[in-house]
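A short worksheet on the structure shown next.
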Amino acid sequence: MTIRFVASLPLLSASSAAAARAQSAPSTAAPRRVRTLLSVSTGGEQQVITAQEQTQEPDYGVVSLHHVGILCENLERSMAFYKDLLGLKVNPARPTDKLPYRGAWLWVGSEMIHLMELPNPDPLTGRPEHGGRDRHTCIAIKDVLKLKEIFDKAGISYTLSKSGRPAIFARDPDGNALEFTQV
């Protein structure tokens, strides 16, 4: 019988693992992915063969997510939802007059939502009721229950996380799915 196993986990000896933990400064080198192929043959004797192939990941400097673009039909209606209801603040430093469509940039922590008043090519009907089963943008919040109260007062439909974790899913006025997860 032959068993083949392929994984993308680095194999470290006890001494190299200790050396890695001892490094106090983070490495500026690109992360390495080690591909390990393990073949086990059973019979009279067990034989283990391990081969490692190291590859460099491209180092183009991923830092974080900068913004998420969200299409809207009516900028004022979307601003009433995102700015007035959810309390997001406008980033006045971002351009709103240099693009061939109306839009707004709203802060979500250190990242942004870019509202773009453009035709939406996606169908608005036939979407899953639960936004967690549709493409969605997730926003980390401190208190799901407080947001639930805000949605209840505003008459905003929502569903709670199907997994039982503290998260709430809703749709903006254009049907874009949003998840709000408590952190």
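Please read all numbers here as calculations on a predicted model, not as lab measurements. One is the number of the first residue; the rest follow in order along the sequence.
Rounded to the nearest 0.5 angstrom, N176 CG and D122 CG are separated by 8.0 Å. Note that CZ of F180 and CD1 of I150 are 9.5 Å apart. Values are rounded to the nearest 0.5 Å. Separating the CG atom in L85 from the NZ atom in K153 is a distance of 11.0 Å, to the nearest 0.5 Å.
Contact of the K142 side chain with the V183 side chain is not registered, since no non-hydrogen atoms from C-beta on lie closer than 4.5 Å. By the 4.5 Å heavy-atom criterion applied to side chains, R102 and E76 are counted as neighbours. Side-chain contact between Y82 and V108 is absent, with no heavy atoms from C-beta onward closer than 4.5 Å. L71 is listed as a side-chain neighbour of P121, based on a closest heavy-atom distance under 4.5 Å. Within the 4.5 Å cutoff, side-chain heavy atoms of N91 are placed close to those of R94. When side chains are defined from C-beta on, V90 counts as touching M79, because their heavy atoms get closer than 4.5 Å. Counting heavy atoms from C-beta outward, L88 and W107 have side chains that stay 4.5 Å or more apart.
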Check against side-chain contact (heavy atoms from CB on, under 4.5 Å), T181 and I141: CA-CA 6 Å; T181 189; I141 62 172; over 6 Å; no
Salt bridge (charged side-chain N to carboxylate O under 4.0 Å, His left out) between R165 and E179, worked out: CA-CA 12 Å; R165 64 191 169 79; E179 175 183 359; 2.7 Å; yes
Residues L86, L106; criterion side-chain contact (heavy atoms from CB on, under 4.5 Å); working and verdict: CA-CA 11 Å; L86 296 179; L106 303 166; over 6 Å; no
Verdict with reasoning, D174 to S78, per side-chain hydrogen bond (donor to acceptor under 3.5 Å, both in side chains): CA-CA 8 Å; D174 292 282; S78 292; 3.3 Å; yes
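For T96 against A104, the heavy-atom pair with the smallest separation is CG2-CA, 4.4 Å. What you find for W105 and P95 is that their closest heavy atoms are NE1-O, 3.1 Å. The two residues C72 and L115 come nearest to each other via the heavy atoms SG-CB, 4.5 Å. Nearest heavy-atom pair, T159 versus H130, reported as atom, atom and distance to 0.1 Å: OG1-ND1, 2.6 Å.
Under the 4.5 Å side-chain heavy-atom criterion for Ile, Leu, Val, Met, Phe, Trp and Tyr, V144 and I139 are members of the same hydrophobic cluster. Tracing side-chain contacts under 4.5 Å through hydrophobic residues (I, L, V, M, F, W, Y), one never reaches L118 starting from I113; they form parts of separate clusters. With hydrophobic clusters built from ILVMFWY side chains whose heavy atoms lie under 4.5 angstrom apart, I156 does not share a cluster with F169.
In this pair, F151 and F81 present their aromatic rings parallel. The plane angle is below 30°, not in the 30 to 60° band. Aromatic ring orientation, Y101 versus H114: tilted (interplanar angle from 30° to 60°).
A salt bridge links D134 to R171: at least one charged side-chain nitrogen sits closer than 4.0 Å to a carboxylate oxygen. Using a 4.0 Å cut-off between a side-chain N of Lys or Arg and a carboxylate O of Asp or Glu, R77 and E117 do not qualify as a salt bridge. With respect to K162 and E129, no salt bridge is recorded, no charged nitrogen being found less than 4.0 Å from a carboxylate O.
In E111, the CD atom is crowded: over 12 heavy atoms of neighbouring residues, nucleotides or ligands sit closer than 6.0 Å.
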